Colleague: 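Next up is a structure, given as structure tokens.
All figures in this text were calculated on a predicted structure; none of them were measured in a lab. Values below: every heavy atom of this structure, side chains too, minus hydrogens, waters and symmetry copies.
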Amino acid sequence: MTPLGHCRLILTRHAKSSWDDPAQPDHDRPLNARGRRSARELGDWLASRGYEPEEVLCSTAERTRETWAGIAMAPLEVRPHIRYEPGLYHATPERMLEILRSASAPTVMMIGHNPGIAEFAAMLPARAPLDPDFRRYPTAATLVVDFQIGAWSELRPAQGSVLDFVRMDGRG
């Protein structure tokens with residue numbers, strides 16, 4: 001939960017996907033074993049820190065849906081409203097901002113794709129994390145950032161305060 005007058009974003013890139021079937025459409029690619037493990041670990045990490053989304057905005061791609069399913073296996077106290085957003089599939093940072101501004105819960109998780117998610121993450125905080133992988137935003141990377149706003153519609157770039165940044169997959 002976030003304090004009154006605050007909004008919190010948990011911004012997650014999908015976990016590592018499988019390239020086993022080169023003929024498979026990109027939208028339909030599932031997670032590989034490492035990705036499924038990373039998604040579960042990310043859920044546990046979020047729960048252990050009390051970063052629990054009340055609303056999830058998730059790309060419709062198979063790998064983002066599976067990432068959420070793995071996260072949701074964690075012992076989360078909150079069962080969020082899930083919104084699968086076709087517009088998040090390979091979205092630009094501007095499109096991601098537009099979709100986030102339509103959120104209604106104070107704590108929102110957004111699950112998307114690179115390169116847009118890395119660019120979106122970079123534009124949100126007043127100061128970026130010092131982590132050398134932040135700009136690359138590897139698979140299963142997650143930024144937790146707070147905003148001193150009363151509603152997502154008020155969100156502007158460079159006004160967030162970073163609480164955490166974590167990488168579950170290592171390389172990706």
Colleague: In terms of hydrophobic clustering (I, L, V, M, F, W, Y; side-chain heavy atoms under 4.5 Å; direct or indirect links), are Ile82 and Leu76 co-clustered?
Modeller: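 Yes; Leu76 is reachable from Ile82 via cluster members.
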Colleague: Main chain of Gly112, side chain of Arg13: is a donor-acceptor contact present, judged purely on distance under 3.5 Å?
Modeller: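 Checked: no pair found.
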Colleague: Any side chain to side chain donor-acceptor pair (under 3.5 Å) pairs touching residues 72-87, not counting sequence neighbours?
Modeller: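 Sorted pair list: Glu55-Arg83, Arg83-Glu85, Arg83-Ser102.
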Colleague: With no hydrogens and no angle check, is any side-chain donor or acceptor of Glu52 less than 3.5 Å from a backbone partner on Val78?
Modeller: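 Looks like yes, one N/O pair under 3.5 Å.
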Colleague: Can you hop from Ile117 to Tyr89 via hydrophobic side chains spaced under 4.5 Å?
Modeller: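 No, Ile117 does not connect to Tyr89 through the hydrophobic network.
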Colleague: So, Arg29 versus Ser17: side-chain donor-acceptor pair below 3.5 Å or not?
Modeller: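 Ser17 and Arg29 do have a side-chain donor-acceptor pair below 3.5 Å.
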Colleague: Apply side chain to side chain donor-acceptor pair (under 3.5 Å) to Ser59 and His113, showing your working.
Modeller: CA-CA 8 Å; Ser59 161; His113 310 263; 2.8 Å; yes
Colleague: How far apart are the C-alpha atoms of Ile111 and Leu57, what are their side-chain angles, what is the distance that settles it, and do they pass the side chain to side chain contact (heavy atoms under 4.5 Å, CB included) test?
Modeller: CA-CA 6 Å; Ile111 306 173; Leu57 306 175; over 6 Å; no
Colleague: Does Gln159 reach the main-chain N or O of Arg156 with its side chain, forming a donor-acceptor pair under 3.5 Å?
Modeller: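 Indeed, once roles are kept as given, a pair shorter than 3.5 Å links the two residues.
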Colleague: If we ignore angles and hydrogens, is there a donor and acceptor under 3.5 Å between the side chains of Asn114 and His90?
Modeller: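 Side chains of Asn114 and His90: no pair found under 3.5 Å.
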Colleague: Are the side chain of Tyr137 and the backbone N or O of Leu143 linked by a donor-acceptor pair below 3.5 Å?
Modeller: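 Checked: pair present.
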Colleague: Looking at Ala15, is its backbone amide N or carbonyl O close enough to the side chain of Thr67 to form a donor-acceptor pair, meaning the two atoms are under 3.5 Å apart?
Modeller: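 Indeed, once roles are kept as given, a pair shorter than 3.5 Å links the two residues.
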Colleague: Let me confirm one number: the CZ-CG distance from Arg167 to Leu42, rounded to the nearest 0.5 Å.
Modeller: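 Spacing of CZ (Arg167) from CG (Leu42) equals 12.5 Å.
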Colleague: Kindly give the heavy-atom pair with the smallest separation between Leu124 and Leu11, and that separation in Å.
Modeller: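 Leu124 and Leu11 have their closest heavy atoms at CD1-CD2, 4.2 Å.
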Colleague: Kindly compute the distance separating CG (Asn32) from CZ (Arg34), expressed to the nearest 0.5 Å.
Modeller: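 Asn32 atom CG to Arg34 atom CZ measures 6.5 Å (nearest 0.5 Å).
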Colleague: For Arg36 and Leu31, indicate whether the former's side chain and the latter's backbone hold a donor-acceptor pair under 3.5 Å.
Modeller: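 Yes; at least one donor-acceptor contact below 3.5 Å.
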Colleague: Would you call Glu66 and Arg63 a salt bridge, taking side-chain N to carboxylate O under 4.0 Å as the test?
Modeller: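 Looking at Arg63 together with Glu66, the answer is no, because their closest N to O distance does not fall below 4.0 Å.
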Colleague: Looking at every heavy atom in both Pro125 and Ala122, which two are closest together, and how far apart are they?
Modeller: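 Reported closest heavy-atom pair: CD-O, 4.0 Å.
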Colleague: Assess the residue pair His27 and Glu62 against the criterion (side chain to side chain donor-acceptor pair (under 3.5 Å)); give the C-alpha distance rounded to whole Å, side-chain angles, the decisive distance to 0.1 Å, and a yes or no.
Modeller: CA-CA 6 Å; His27 190 274; Glu62 181 63 23; over 6 Å; no
Colleague: Go through the steps for Arg49 and Asp164 under the test side chain to side chain contact (heavy atoms under 4.5 Å, CB included), then give the verdict.
Modeller: CA-CA 10 Å; Arg49 283 160 178 75; Asp164 248 319; 3.7 Å; yes
Colleague: Out of curiosity, Met109 CE to Thr142 OG1, how far, rounded to the nearest 0.5 Å?
Modeller: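 One gets 5.5 Å once the value is rounded to the nearest 0.5 Å.
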Colleague: Name all residues meeting the ring pair (Phe, Tyr, Trp, His ring centres under 6.0 Å) criterion together with Phe147; count only those two or more places apart in sequence or in a different chain, and write none if there are none.
Modeller: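 Ring pair (Phe, Tyr, Trp, His ring centres under 6.0 Å) check on Phe147 returns Trp152.
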